[in-house]
S.K.: 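Provided herewith is a single structure, encoded as structure tokens, for subsequent inquiry.
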Amino acid sequence: MDVSGRLNLSDKLTPGSDYDRAKEIQSFDDTKAGVKGLLDAGIKSVPRIFIRPSDELAKDLDFPTIQLQVPVIDLDGFQGGRRKEILEKVLAASESWGFFQLIEPELTLGSSKHSDPCFLTILLQDQIGGLQVLHENQWVNVPPMQGGLVVNIGDFLQVVSNNKLMSVAHRVVANHVGPRISVASFFKGQITKMYGPMKELLSEENPPLYTDFSIREYMSRFLTEELDRKGGIDCLKI
């Protein structure tokens, strides 16, 4: 295969042809140019290596489409008298389907209350929403903003700032509208480096509130704690 413009990948695969798909895929991989290389070479149609052979496609089409309902489990009453019933339905669906849906979103948390084990989190969320932040002991909705990013102070930044900056607890609540999609970047630092309150911020009036720690040590503790606790940062307090 040549990505310099002499591409000949758009031919239709016909029965009895001497087309070697595996060889051509390997040739494509060997170019290291990727799909961008094909576009740069001026290709005008979909290469045949990206088109499923007709015999494979025919086999898939032989499978009938059956109108079945994925198990739906209503969480209403879970905190009351239906707890055992709901757990039995979850078990049954897990055994027979390995997949199920939950309704009654008000009882469903996308993620429970937690703070982030990092210096900083930058989050891009979709328009579904559901993110809440704990402010003055009240859960506050964080409505999505078109083109906006959510910036969240993490545990490590609270420690190195000696409580000048605060790591905030937050959670995600499921929404009636649909599934929530978000993209987060966590800035963690070097895993073996020791971190602690910045000396420039310390004085007799503002003594260190936390011991030094490594991220490896902190993450080991964080992963053994319940997510609904802030045990990691509390364990660093002097």
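The figures that follow rest on heavy atoms only: side chains count, while hydrogens, waters and symmetry mates do not.
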S.K.: Please answer whether the main-chain N or O of Lys23 pairs with a side-chain N or O of Ser27 as donor and acceptor at a distance below 3.5 Å.
M.R.: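 Such a contact is absent between Ser27 side chain and Lys23 backbone.
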
S.K.: Do you know the tightest heavy-atom contact between Ile73 and Ile86?
M.R.: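 Shortest heavy-atom contact: CG2-CG2, 3.9 Å.
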
S.K.: Following the transitive rule for hydrophobic clusters with a side-chain heavy-atom cut-off under 4.5 Å over Ile, Leu, Val, Met, Phe, Trp and Tyr, establish whether Val160 and Leu202 coincide in one cluster.
M.R.: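 Per the 4.5 Å side-chain linkage, Val160 and Leu202 are not co-clustered.
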
S.K.: Do Leu131 and Leu134 land in one hydrophobic cluster if side-chain heavy atoms of ILVMFWY residues count as linked below 4.5 Å?
M.R.: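 Unlinked, Leu131 and Leu134 end up in two clusters.
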
S.K.: Looking at Arg82 and Asp74, would you say the former's side chain and the latter's main chain have a donor-acceptor pair under 3.5 Å?
M.R.: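 Answer holds: yes.
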
S.K.: Supply the atom-to-atom distance Tyr210 OH to Lys237 NZ, rounded to the nearest 0.5 angstrom.
M.R.: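 One finds 5.0 Å between OH of Tyr210 and NZ of Lys237.
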
S.K.: In terms of hydrophobic clustering (I, L, V, M, F, W, Y; side-chain heavy atoms under 4.5 Å; direct or indirect links), are Leu201 and Leu209 co-clustered?
M.R.: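 Yes, because Leu201 and Leu209 connect within a single hydrophobic cluster, where side-chain heavy atoms sit under 4.5 Å apart.
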
S.K.: What is the ring orientation for Phe119 with Phe156, classed by angle as parallel under 30°, tilted 30 to 60°, or perpendicular over 60°?
M.R.: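 Rings of Phe119 and Phe156: perpendicular, over 60°.
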
S.K.: Which atom names give the shortest non-hydrogen contact between Ser167 and Asp155, and what distance separates them?
M.R.: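 For Ser167 and Asp155, the tightest heavy-atom pair comes out as OG-OD1, 2.6 Å.
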
S.K.: Considering only heavy atoms from C-beta outward, does the side chain of His170 approach that of Val142 to under 4.5 Å?
M.R.: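 A side-chain contact under 4.5 Å is absent here.
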
S.K.: Is there a path of hydrophobic side-chain contacts, each under 4.5 Å between heavy atoms of I, L, V, M, F, W or Y residues, that connects Tyr218 with Ile238?
M.R.: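 In one cluster with Tyr218: Ile238, no.
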
S.K.: With sequence neighbours left out, what residues match Ile153 under side-chain contact (heavy atoms from CB on, under 4.5 Å)?
M.R.: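 Once residues adjacent in sequence are excluded, the partners of Ile153 under the side-chain contact (heavy atoms from CB on, under 4.5 Å) criterion are Leu120, Leu157, Leu165.
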
S.K.: Would you be so kind as to tabulate the donor-acceptor pairs closer than 3.5 Å made by side chains of residues 186-200, with sequence neighbours excluded?
M.R.:
residue	atom	partner	partner atom	Å
Lys188	NZ	Pro117	O	3.0
Tyr195	OH	Gln190	N	3.0

S.K.: Would you give the length of the straight line joining atom CE of Met219 to atom OG of Ser214, rounded to the nearest 0.5 angstrom?
M.R.: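 Going from CE on Met219 over to OG on Ser214, the span is 11.0 Å.
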
S.K.: Suppose we screen for side-chain hydrogen bond (donor to acceptor under 3.5 Å, both in side chains). Which residues come up paired with Lys89, at least two apart in sequence or across chains?
M.R.: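 Partners of Lys89 by the side-chain hydrogen bond (donor to acceptor under 3.5 Å, both in side chains) criterion, ordered by chain and then number, come out as Glu85.
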
S.K.: Please find the pair of heavy atoms, one from Asn152 and one from Asp116, that lie closest to each other, and give the distance.
M.R.: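 Heavy atoms only, the tightest pair is ND2-OD2, 2.9 Å.
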
S.K.: Is there side-chain contact between Asn163 and Gln158, with at least one heavy-atom pair below 4.5 Å?
M.R.: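 Yes, their side chains come closer than 4.5 Å.
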
